[in-house]
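A short write-up of the structure that comes next.
All values reported here derive from a predicted model rather than from experimental measurement. Note that these values count all heavy atoms, side chains included, but never hydrogens, waters or copies made by symmetry. Numbers restart at 1 for each chain; the letters A, B, ... are given by sequence-line order, proteins then strands.
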Amino acid sequence: MNTNVHNSGLNPAQHAAVNHGSGPVLVIAGAGSGKTRTLVYRMAHLLGQGIAPESILLLTFTRKAAQEMLWRAGQLTDDSSNRIMGGTFHATANILLRQYGHFLGLGARFSIIDRGDAEGIINLIKSSLGLSGAGKRFPSKRIIMNFISGSINKSRTIDDLVYESSPHLSEFVEDFHSIRQHYDQFKLDHGLMDYDDLLVNWQRLLTESPEAKEMICNRFQYILVDEYQDTNLIQAHIIRLLASNHDNVMVVGDDSQSIYSFRGADFYNIMRFEQQFPGAEVITLEENYRSTQPILELTNAVIRNAEEKFTKSLFSNIEGDIRPTLYTAKNEAAEARYIVKTIRELRNQDIPVNEIAVLFRSGFHSYKLEMEMTSNYLSFEKRGGMKLTESAHIKDVLAFFRILVNPWDNLSWNRILLQLDKVGPKTAQKIIAFIKESDTPTSALANFTPGKTWKEGFGKLVQIITEIDKPELTPSAVYDKVMEYYLPIFEKIYYDDYPKRRKELDQISALVSGYGDIQSFVDDTTLDPPENTDVQAGQDGEDRIILSTIHSAKGLEWDVVFVMGLAEGRFPHQNATPGPQWEEERRLLYVAATRAKKHLYLTYPTELVAADRQHIRTGMSPYLREIPQGLYVKDEIDKRPAYMQQSSPEPAFQSTRKKQSARTTYATGGVVKHPYFGIGRVVSILGPQRVEVAFDRHGTKILHLDYANLETIES
DNA sequence: AGAACTATGTTTTTT
DNA sequence: ACATAGTTCT
C-alpha cells in the first residue's frame, strides 16, 4: 500500500491528528477546516500502517458522507475494496443487531419504523384509549412523540420534559405515560423498532451481553466519529463502550455547529470527552480553507454574540475581498425575484449552476422561490422537507415489501387492506386480528372470509400476496408484480395528480433494482429515505441549483450561497424561546453562512403572509441586527431601472398553480388538453375548482383545477 | 355501524 | 399536500 499520505499538504494540526498513534483524540474543528479531509487521511494512514480495514469503524452523520469518505480513502491507498465499515449510528446499529441481536433474545425478524409510522401508532393508541375525541385540547401525536422520544434520547423523564418545555400540558402527563406503555407494547407485539430502539438496543448489546460485547469490541479496533457535536448521550456512551479495550477513538466535532439538540444531540459531549477518555489528546483546527476573509468576518460576528463561549476564532488565507450582500425585499415575491435575477447574473459571469445554493430555515419558506424559478425555467433540486418515502402512494407500495420481511408488521397490513374499496379501519383490524394468530400470516390471509361487497378486491389481494411471497423472487420482480396489482387502485385513489405521483413510483422502480434482497431494500429506505427530487423542472443529468433547508446543507459547500427568509419571526423560528433554543438558531445561521466559499447573499422580506392570509409587516432577523454594518453591503434592486426588475415574461402554459375558476374558464363541451390524459371534452362543471372531462383514451375523470394543469384548446 | 365524502386547518429542523 | 373533524351515505 502506498504511503504518499505524508506529502499531502496537510497543516501541522491536521498532520498531528492523522499520524496520531493509539489512544483517544478529540479534534475540535471549525467550519471549513478540513475535518472530513483529516478523517479520510486518518483512515488512509491506518491502512498504510497495516491495520486491517475490517477493524476500522467510521461513524458519520449521513450515509452519503460515509460512502464519500470511504471512497476517498480508497483512492489514497489504491485499495478500492472498501472493507471499512462505515455509516450512521442507526445503520450500524441495524447491522450489528441483525448479527448479534440473538444475544439479547431479539427475534431475527424486525422491521424499522420511521417517525411517520411511529406517529401512526400513537394515533391508533390515542383513539383506542378514547383520547382523540376529547376535543382539540389534547396534544397532537407529534407532540406526544416528542416527549416519548425525548425521554429516551435526552435521558430524562417525560415529566421533566413536560414541565420544562410545556408546563401547560402537565395535566396530560399520565396519559403520556400510558400512551408510551402501549406504544412500547405495540412495537414488541409486531416486531417493530424505531430509531431510538436501534440505539438503545445497541447500547444494551454492549452492556447486557458480555459475549456480544466481546465480539464487537474485538472486531473494531479503531473508531472514528465525525460530527461529534450531534451525538446524544446514548451515542456517546456507545462510543465509550465500543472502545473499552483499547481507547482508540478519534472524534471530530465543532461545538458551534451543533444544530440537532431537538433530537437529543448534546454538544457538551465534546466537553465531556476528556473525562470519558482520560489522557485524550486535544487538537484544534482553526484555519478555514473554505471561505474568503470577508465572509468569515461576518460569520464570526454571528457566533461572537453566542452565550456559550466557544474556543475558536477562524481565519482564512483565501483571497477575495467581496463582502456579503444584504437585500431587503418588500415581500416574499420580491425576495424570490431578487434571487432569481441574481442567479441569472451570476450564470452570465460563468459561475457554474451546481456551485449555487439557496438555504432557508424551514421547508415551506422556499415555496415562492420554487414558483419563481419554475416560471423562469431555472431547474432546481430541493433538499429537506418531504422525503420520497413519506408520501402516501410510496408508502402503499413499500408496505408490500415490508410484510414480506416481517409478516407481523401490523402497520403495513393496515395500509394494504385500507386500499380495498369498502374496507375501512374496523374491517382492516378484524382481518389483521385473524391472520395474526397464524404462524404464516401471509398465507393465512386466504382463509379469511370476506364480506359480499368487497369479495372481489380481496380475492385479487390474496392472489398477489401469494404470488410475491416467494423468497426466490428478486426485489425488482416483486415490484413489478405489486405494481400490476396496485396501479388500478392507485389510479382511482389519486386521479387528481396521477402523473406526478406516477413519476415518483418510477423513481422507486429505479431504486429497487439496485438491491439483491428485500430486507436491505426495506431497511435502507427507512434508515436513509431518498429525497423527493422535483424533476419537473430540468432534465436528467442537467446541473441544478440546490434549494435546501439549512439542516440538510450541513457539511456541504458552494461558491455562492443565498440565505433567504432572514426575517424576524422566521429566523429564529417563531416558537424559539430565549435561552438554549435561541442560541441553537444562532448556530443554525452560522452553519448556513459558513457554507459559502466566495459569495454570500443574505435576504429577507419585510412582509409575510400568515396562515390566515393576513399580511404581517416584519423586520430583519435579530441576528442580522447584531452584525456591524461594515461587514456587508446593501443591494437595492428597487432603485435599479424598472426593466431590470422584471422577471422574464410568463410562458404560455406554466405549471405553477394559478387559481382558476372552472365556471369562467371552461364550458361544457369545451376541448381541453391534460399533460397525461391527453385531449378530452368537458362533460360538466362540478364546482368552482372541479370539472368532469371525458378523455379520448382514458375515460371520464374528475379533475381538480389546482392540480390538473389543464390547457384550453377550444372553448 | 362503518365507509366514504367534504370542509377546514396547519407547517421547524431529521438520523 | 396532508391530517382531522364533521357529515352523509349505505
Side-chain angles (χ1 to χ4, degrees), chain A residues 59-66 87-94 112 114-116 119-120 123 126-127 132-136 138 140-142 145-146 149 153 194-196 198-199 227 230-232 234-235 258-265 359-367 383-387 390-393 395 418 420-430 451-454 493-494 496-497 500-501 524 526-529 531-532 548-554 565 569-576 581 584-585 587-588 591-592 610-613 657 687 689-690 702 704 706-707:
Chain A
L59 294 166
T60 58
F61 192 69
T62 63
R63 182 181 303 217
K64 237 190 241 164
T88 61
F89 276 86
H90 294 90
T92 309
N94 181 35
I112 303 161
D114 62 21
R115 204 183 165 78
E119 287 175 357
N123 238 21
K126 243 173 91 179
S127 55
S132 50
K136 279 183 188 170
F138 198 83
S140 73
K141 57 185 182 180
R142 181 151 297 181
M145 200 57 220
N146 280 345
S149 187
N153 60 34
D194 63 20
Y195 284 6
D196 294 330
L198 285 168
L199 292 186
E227 309 277 17
D230 289 324
T231 56
N232 63 25
I234 298 175
Q235 288 165 320
S258 161
I259 54 173
Y260 279 103
S261 72
F262 64 89
R263 62 178 202 218
L359 308 181
F360 33 85
R361 173 65 180 85
S362 312
F364 71 95
H365 292 171
S366 66
Y367 286 170
R383 295 185 184 164
M386 255 252 287
K387 294 283 191 295
E390 279 168 10
S391 41
H393 53 295
K395 284 193 158 185
L418 285 179
L420 297 172
D421 209 9
K422 305 288 170 210
V423 175
K426 293 281 175 188
T427 319
Q429 283 310 310
K430 261 185 235 162
K452 259 180 286 181
T453 47
W454 45 280
I493 305 177
Y494 302 108
D496 270 357
D497 52 354
K500 188 181 171 216
R501 288 176 189 262
D524 280 7
T526 318
L527 285 170
D528 190 16
E531 295 283 345
N532 189 356
S548 174
T549 60
I550 298 171
H551 285 90
S552 302
K554 164 155 252 208
R570 191 162 261 204
F571 209 136
H573 185 263
Q574 221 171 10
N575 312 351
Q581 277 187 40
E584 178 149 321
E585 299 280 320
R587 294 194 294 271
L588 200 53
V591 168
D612 55 1
R613 299 192 173 215
R657 294 164 187 177
Q689 295 287 297
R690 281 150 60 95
I702 294 166
H704 197 283
D706 268 356
Y707 307 109

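A heavy-atom distance below 4.5 Å is found between the side chains of A:Leu527 and A:Ile112. Looking at A:Thr427 and A:Trp454, their side chains come closer than 4.5 Å, going by heavy atoms from C-beta outward.
Comparing C:dC2, B:dT12, B:dA4 by their nearest atom to the side chain of A:Asp421 picks out B:dA4. Closest approach to the A:Phe61 side chain among B:dA3, B:dT15, B:dT12 is made by B:dT15 (side chain taken as heavy atoms from C-beta onward). With B:dT15, B:dT13, B:dA3 as the choices, the nucleotide that has an atom nearest any side-chain atom of A:His551 turns out to be B:dT13.
The residue A:Phe89 sits apart from the nucleic acid: no heavy atom pair falls under 4.0 Å. Within 4.0 Å (heavy atoms only), A:Asp230 reaches no atom of the nucleic acid at all.
In this structure, A:Asn146 atom CG and B:dT13 atom C1' are separated by 11 Å, rounded to whole Å. Atom CD of A:Glu227 is separated from atom P of B:dT13 by 20 Å (rounded to the nearest Å). The distance between atom CZ of A:Phe364 and atom P of B:dT12, rounded to the nearest whole Å, is 7 Å. Rounded to whole Å, atom C1' of C:dA3 lies 6 Å from atom NZ of A:Lys141. When the C1' atom of C:dT10 is taken as reference, atom NZ of A:Lys422 falls 7 Å away, rounded to whole Å. Rounded to an integer number of Å, the gap from CG of A:Asn123 to C1' of C:dC2 is 13 Å. Rounded to whole Å, atom C1' of B:dT14 lies 11 Å from atom CG of A:Asn153. Rounded to whole angstrom, the span from the CG atom of A:Asn232 across to the C1' atom of B:dT14 amounts to 13 Å.
Put simply, the side chain of A:Arg361 and the base of B:dT13 share a donor and an acceptor less than 3.5 Å apart.
Taking a cutoff of 4.0 Å between a charged side-chain nitrogen and a carboxylate oxygen, A:Glu119 and A:Arg142 qualify as a salt bridge. Using a 4.0 Å cut-off between a side-chain N of Lys or Arg and a carboxylate O of Asp or Glu, A:Arg63 and A:Asp524 qualify as a salt bridge. Taking 4.0 Å as the cut-off between side-chain N and carboxylate O, A:Asp230 and A:Lys554 count as a salt-bridged pair.
Dashed line: the shortest gap from a side-chain N or O of A:Ser552 to OP1 or OP2 of B:dT14 is under 4.0 Å. Under 4.0 angstrom from either OP1 or OP2 of C:dA3 there lies no side-chain N or O belonging to A:Ser140. Checking the phosphate oxygens (OP1, OP2) of C:dC2, a side-chain nitrogen or oxygen of A:Arg501 falls inside 4.0 Å. Under 4.0 angstrom from either OP1 or OP2 of B:dT15 there lies no side-chain N or O belonging to A:Lys554.
In this structure, the aromatic ring of A:His90 is not positioned over the six-membered ring of the base of B:dT15 within 5.5 Å between centres and 30° between planes. B:dT13 has A:Phe262 stacked on its base ring, the centres lying under 5.5 angstrom apart and the planes within 30 degrees of parallel.
Not less than 6.0 angstrom separates the ring centroid of A:Phe360 from the ring centroid of A:His551.
Between A:Tyr195 and A:Arg142, the one whose closest nucleotide on DNA chain B sits nearer the 5' end is A:Arg142. When the nearest nucleotides of DNA chain B are assigned to A:Val423 and A:Arg383 by heavy-atom distance, the more 5′-ward of the two goes with A:Val423.
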